[in-house]
Amino acid sequence: MTTSPRPRLIATDLDGTLLCSGGTVSERTAAALAAAEAAGVQVVFVTGRPPRWMKQVTGHIGGHGVAICSNGGAVVDVRRGELLESFPLRTADALAVVAALKAELPGTAFAFEYPAGFAREPEYTLVMWESDKEHPVAPAERLLADGTVEGMFKLLAKHPELEPDEFLARARAVAGQHAEITRSSPVALLEISAPGVTKASTLARWCREQGIDRSEVVAFGDMPNDLEMLAWAGDSYAVANAHPQVLAAVARHTVSNEHDGVAAVIETLLA
């Protein structure tokens, strides 16, 4: 692991990168984040998580209080629970994606992340946090047509049988012209955003507003939804547990999330 000059901004993915199993922040990582803030280095969480799943990291968010969520689809003040900015997927594009995937990959089921909450098709099974909370359940076409999911910043697509990378490749082939399609889950779950909306695009926008050049940014990630951000940043690191595609694309590697890989680099950068 080689090092770079001290950056002005650290952009890090959460699950599988900064966080340990179970979504926790280790003591070492918490200390490293606090040390970066104290040294004047801004830390921004750039995650596939929706805004409603950010409460667990509120205490580590940094002085600005802002996170980039839903793969760039939403900018959120985590402490205040306020959506600051969003880049929604147009209804027409979402309908085109739904139609294409249902035709090409039967069995695909859909869910929606939008400012008012979460909605899903009956066939979309839930295994994550807050799955017991009430939310709209109806066919995707109906949810889109009646305005229930207006302003959605992420469309989710799940398949019960396909291998995750195959699902991603086939979905991009038939629907990639309508949206950005990526993945970060170990199961066949796709994350779909508006065309041109990625972690990189929204991070770049944030950095422009802060007067920070991409050469002054260090980024960390582990999954395909991090690739654009890792390519955009001046320096990037893949954690050891990253997807093979990420490990191959990123020159700098650090130890795994379970061994505080992000903290290890931050400590060196601040030394």
Side-chain angles (χ1 to χ4, degrees), residues 10-37 43-83 111-114 117-118 120 124-133 135 153-154 156 158 164 182-191 193 199 202-203 218-227 229-230 237-243 246 254-267:
I10 291 168
T12 181
D13 172 54
L14 292 177
D15 298 286
T17 300
L18 184 80
L19 306 182
C20 300
S21 300
T24 59
V25 179
S26 72
E27 290 185 9
R28 181 183 179 186
T29 294
L33 296 176
E37 285 280 326
V43 178
V44 178
F45 297 153
V46 189
T47 178
R49 287 189 181 204
R52 63 195 179 97
W53 284 358
M54 293 301 293
K55 296 175 183 176
Q56 293 92 337
V57 296
T58 300
H60 309 284
I61 194 66
H64 52 79
V66 172
I68 296 171
C69 298
S70 297
N71 292 330
V75 181
V76 180
D77 186 316
V78 175
R79 292 199 188 93
R80 294 161 58 189
E82 180 181 348
L83 179 64
F112 304 84
E113 294 285 355
Y114 58 105
F118 172 81
R120 65 181 175 92
Y124 187 98
T125 56
L126 289 175
V127 295
M128 295 294 284
W129 309 312
E130 302 184 62
S131 61
D132 58 336
K133 291 191 176 182
H135 52 264
F153 21 76
K154 187 160 71 168
L156 300 164
K158 185 182 290 188
T182 189
R183 58 170 289 256
S184 64
S185 171
V187 301
L189 174 63
L190 303 181
E191 303 166 47
S193 305
K199 289 186 175 187
T202 305
L203 176 62
V218 173
F220 297 86
D222 73 311
M223 289 295 283
N225 65 327
D226 295 313
L227 283 168
M229 176 178 73
L230 296 172
Y237 290 81
V239 287
N241 53 289
H243 187 284
V246 176
T254 182
V255 294
S256 74
N257 64 318
E258 298 293 351
H259 292 90
D260 301 308
V262 175
V265 175
I266 293 175
E267 290 163 358

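Numbers for residues simply follow the sequence, beginning at 1.
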Using modelled atom types only, decide if a donor and an acceptor are shared between the side chain of H243 and the backbone of S184 within a distance under 3.5 Å.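 Absent.
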
#### Entry: T125 backbone acceptor or donor facing K158 side chain under 3.5 Å
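Here the side-chain-to-backbone pair exists.
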
Quick one, [X] and [Y] - any side-chain contact, counting heavy atoms below 4.5 Å?
X	Y	value
C20	E258	yes
F220	I10	yes
T17	Y237	no
V246	L230	yes
F112	L156	no
L189	Y124	yes

Which heavy atom of [X] sits nearest a heavy atom of [Y], and at what distance?
X	Y	answer
V25	A30	CG1-N, 3.7 Å
P50	S70	CA-OG, 3.5 Å
V66	V44	O-CG1, 4.4 Å
I266	A36	CG2-CB, 4.2 Å
M229	A219	CG-CB, 4.1 Å
S185	E191	N-OE2, 4.3 Å

Measure the [atom1]-[atom2] distance between [X] and [Y] for me, rounded to the nearest 0.5 Å.
X	Y	atom1	atom2	value
D77	L83	CG	CG	10.5 Å
W53	L14	CH2	CG	12.5 Å
L33	R28	CG	CZ	12.0 Å
S193	K154	OG	NZ	7.0 Å

Exercise. So F118 and H135, would you call those rings parallel, tilted or perpendicular, with 30° and 60° as cut-offs?
Worked result: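 Ring orientation, 0 to 90° scale: perpendicular.
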
inquiry  = Can you tell me which residue among T47, L203, V76 is in a side-chain contact (heavy atoms from CB on, under 4.5 Å) with I68?
reply    =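 Only match with I68 under side-chain contact (heavy atoms from CB on, under 4.5 Å): L203.
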
> Judged by modelled atom types alone, do D222 and N257 share a side-chain donor-acceptor pair under 3.5 Å?
Replying inline: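 Per modelled atom types, D222 and N257 side chains form no pair under 3.5 Å.
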
Could you walk me through whether N71 and F153 pass the side chain to side chain contact (heavy atoms under 4.5 Å, CB included) test, one step at a time?
CA-CA 9 Å; N71 292 330; F153 21 76; over 6 Å; no

task: Look at atom NE2 of H259 and say whether more than 12 heavy atoms of other residues, nucleotides or ligands are closer to it than 6.0 Å.
output: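 12 or below, so no.
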
**Request:** I would like to know whether T29 and D260 meet side chain to side chain donor-acceptor pair (under 3.5 Å); could you show each step before the answer?
**Result:** CA-CA 6 Å; T29 294; D260 301 308; 3.0 Å; yes

For this session: With sequence neighbours excluded, tell me which residues meet salt bridge (Lys or Arg N to Asp or Glu O under 4.0 Å) with R79.
Result: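 Partners of R79 by the salt bridge (Lys or Arg N to Asp or Glu O under 4.0 Å) criterion come out as none, since no residue qualifies.
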
*asked:* Suppose we screen for salt bridge (Lys or Arg N to Asp or Glu O under 4.0 Å). Which residues come up paired with D13, at least two apart in sequence or across chains?
replied: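 Applying salt bridge (Lys or Arg N to Asp or Glu O under 4.0 Å) to D13 gives K199.
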
Legend entry - Worked verdict on L18 versus H60 for side chain to side chain contact (heavy atoms under 4.5 Å, CB included): CA-CA 11 Å; L18 184 80; H60 309 284; over 6 Å; no

